[in-house]
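What follows is one structure encoded as structure tokens, with my remarks underneath.
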Protein chains: 2
Amino acid sequence: MTFQPTLNRPIAGTPGIPMYLVGAAQDARSIYHDGSEIYGEGEPAGSLYMVEFGCVRIGRFTREGRRQVCGFSYAGDIFGWESESEHRFFAEAVGYSGIRVLRPSRDAEACAKLFPLVIQNLTRFQEHLLVLGKTIVDERLAAFLCDLADRQGGVSQVELPMTRSDIADYLGVSFETVSRILRRFRDQGFVHVPDIHSIEILDRPGLEAVCRR
Amino acid sequence: MTFQPTLNRPIAGTPGIPMYLVGAAQDARSIYHDGSEIYGEGEPAGSLYMVEFGCVRIGRFTREGRRQVCGFSYAGDIFGWESESEHRFFAEAVGYSGIRVLRPSRDAEACAKLFPLVIQNLTRFQEHLLVLGKTIVDERLAAFLCDLADRQGGVSQVELPMTRSDIADYLGVSFETVSRILRRFRDQGFVHVPDIHSIEILDRPGLEAVCRR
DNA sequence: CGATAATTTGATCCGAATCAATTCTAGTGG
DNA sequence: CCACTAGAATTGATTCGGATCAAATTATCG
């Protein structure tokens with residue numbers, strides 16, 4: 001996994017990132033390499049994590065060993081919210097990633113500041129629920145690409161730090177299908193795929209139309 | 001839609017319901033009949049809602065008119081969290097339902113009290129994401145039934161206030177498939193279906209095994 | 001009781017999973 | 001720097017599950 005310059009944008013000034021969470025004295029920074037675990041299912045929870053650069057996948061393994069990914073976090077995103085004392089999901093770095101560990105206090109002030117961030121997370125999951133509810137898989141992949149573009153600042157040049165399997169486990173399809181639909185989007189002129197971890201969106205309205213079907 | 005006695009359990013004393021949210025002077029109570037709208041997509045947001053009895057479905061319509069349901073709320077549940085000033089989803093009563101409108105203050109104290117509830121909501125959506133990620137639809141329906149049983153207090157006699165179409169739109173399948181799989185579960189001895197809006201779970205371990213596949 | 005909606009069940013078709021083989025990519029050590 | 005290797009990605013062939021279309025039955029409500 002190569003270095004991802006776009007995802008490595010500076011934290012300060014990035015929209016939506018609460019400055020009061022950045023740089024507190026007790027916060028620790030860590031670098032993770034591709035695939036390394038940030039926390040595992042069943043481990044004690046309590047901290048929050050902020051992606052400084054790179055990407056993180058959140059998910060779980062079924063009894064049968066099938067992996068399911070329920071979300072990706074990008075630079076500026078905060079993850080690790082848990083209602084129990086144990087993590088119910090794992091978190092792993094996707095590519096070379098920098099993570100800051102936050103230990104927010106439990107007081108009312110901190111809750112108030114974190115509140116809009118949880119709600120944002122909630123909304124994001126809710127939106128993804130609707131994506132997974134779509135029976136035609138083209139619609140799911142189109143929605144994924146549009147979301148990815150939006151979260152990278154609305155640029156047409158989108159980076160895909162995750163593998164096709166990651167995307168597949170996120171969209172609830174096989175990785176072969178992800179590959180095939182991406183191919184179809186290329187043939188239809190929706191996207192250009194300069195290399196395996198980049199996508200250029202050529203026809204955003206076209207992609208949006210696929211989502212809305 | 002008939003009255004649902006089990007879902008009509010008293011609020012006070014029900015685990016997980018914050019007493020400080022109940023009975024505030026400015027809170028309003030409303031009764032909704034089956035299918036009536038509590039709020040619509042695009043309406044101004046701001047309040048929270050608590051189900052006193054009955055059931056609520058949260059969802060959205062696609063451009064094409066297909067309905068997608070992203071969650072059900074039961075007695076004691078709070079819904080209506082929004083990150084924007086407008087509702088991004090609709091909320092409709094499923095059967096005869098009582099809803100209390102809460103107008104929590106924006107101060108830090110209130111946020112701190114609401115915090116665990118949002119996180120619980122977040123976790124619930126996250127769990128449902130994993131359900132929707134399952135490719136075999138039997139697993140989705142089994143997971144739905146187990147969740148329903150748990151949220152009605154772990155009883156084996158489960159009430160289904162929603163229609164087959166509601167379930168279908170929630171699980172991302174056709175309503176015919178819901179009907180067929182329910183039939184299969186009956187034939188396999190997992191459940192007994194005394195009437196159209198009730199299910200008795202005869203073999204919970206068996207159902208769990210289906211989820212875990 | 002009658003009308004309308006919800007549900008069940010059947011038949012057919014299509015899309016995506018699966019199995020399989022090849023090509024491509026990235027990381028390793030010579 | 002380049003050959004080597006393991007994993008990732010693509011592409012093809014086949015199978016199977018669930019959507020869709022259709023019809024009959026059952027609930028629900030005025």
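Keep in mind it's a predicted model, so treat the numbers as computed, not measured. Values below: all heavy atoms of this structure, side chains included; hydrogens, waters and symmetry mates excluded. Residue numbers start from 1 in every chain, and the chains themselves are labelled A, B, ... in the order their sequence lines are given, proteins ahead of strands.
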On the six-membered ring of F175(A), is R164(A) placed so that its NZ or CZ lies under 6.0 angstrom from the centre and within 45° of the ring axis?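 So R164(A) doesn't make the cation-pi contact.
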Row check, F89(A) ring normal vs R60(A) NZ/CZ: under 6.0 Å, within 45°: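 Output yes; distance and angle both within limits.
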Gap between atoms [atom1] and [atom2], on [X] and [N] respectively (whole Å):
X	N	atom1	atom2	answer
M162(A)	dA8(D)	CE	C1'	15 Å
L182(B)	dT8(C)	CG	P	7 Å
D169(A)	dA17(C)	CG	P	11 Å
I136(A)	dA16(C)	CD1	P	5 Å
E176(B)	dA23(D)	CD	P	14 Å
R164(A)	dC24(C)	CZ	P	15 Å
R184(B)	dT7(C)	CZ	P	18 Å
R140(A)	dG15(C)	CZ	P	15 Å

With a 4.0 Å limit, can you tell me whether T177(A) has a side-chain N or O closer than that to the phosphate oxygens OP1/OP2 of dA17(C)?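 Affirmative; the distance criterion is met.
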What's the closest nucleotide to the [X] side chain, out of [options]?
X	options	answer
T163(A)	dA8(D), dT10(D), dT18(C)	dA8(D)
R183(B)	dA19(D), dT9(C), dA17(C)	dT9(C)
S174(A)	dA17(C), dA19(D), dT8(C)	dA17(C)

Let me know, please, whether T135(A) or D195(B) comes out on the 5' side of the other along DNA chain D by nearest nucleotide. T135(A)
Sub-6.0 Å ring centroid separation between F125(B) and F125(A):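 No, ring centres 6.0 Å or more apart.
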Ring centres under 6.0 angstrom apart (Y96(B), F53(B)):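 Close enough - the centres of the two rings lie under 6.0 Å apart.
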Please work out if V178(A) contacts a base, only the sugar-phosphate, or nothing of the nucleic acid, heavy-atom cut-off 4.0 Å. nothing
Any donor-acceptor N/O pair under 3.5 Å between dT10(D) base and R186(A) side chain: no
Classify the side chain of R180(B) and the base of dG17(D) as holding, or not holding, a donor-acceptor pair under 3.5 Å.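 Result: no qualifying N/O pair found.
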Nearest heavy-atom contact between C146(B) and C211(B) is SG-SG, 4.0 Å
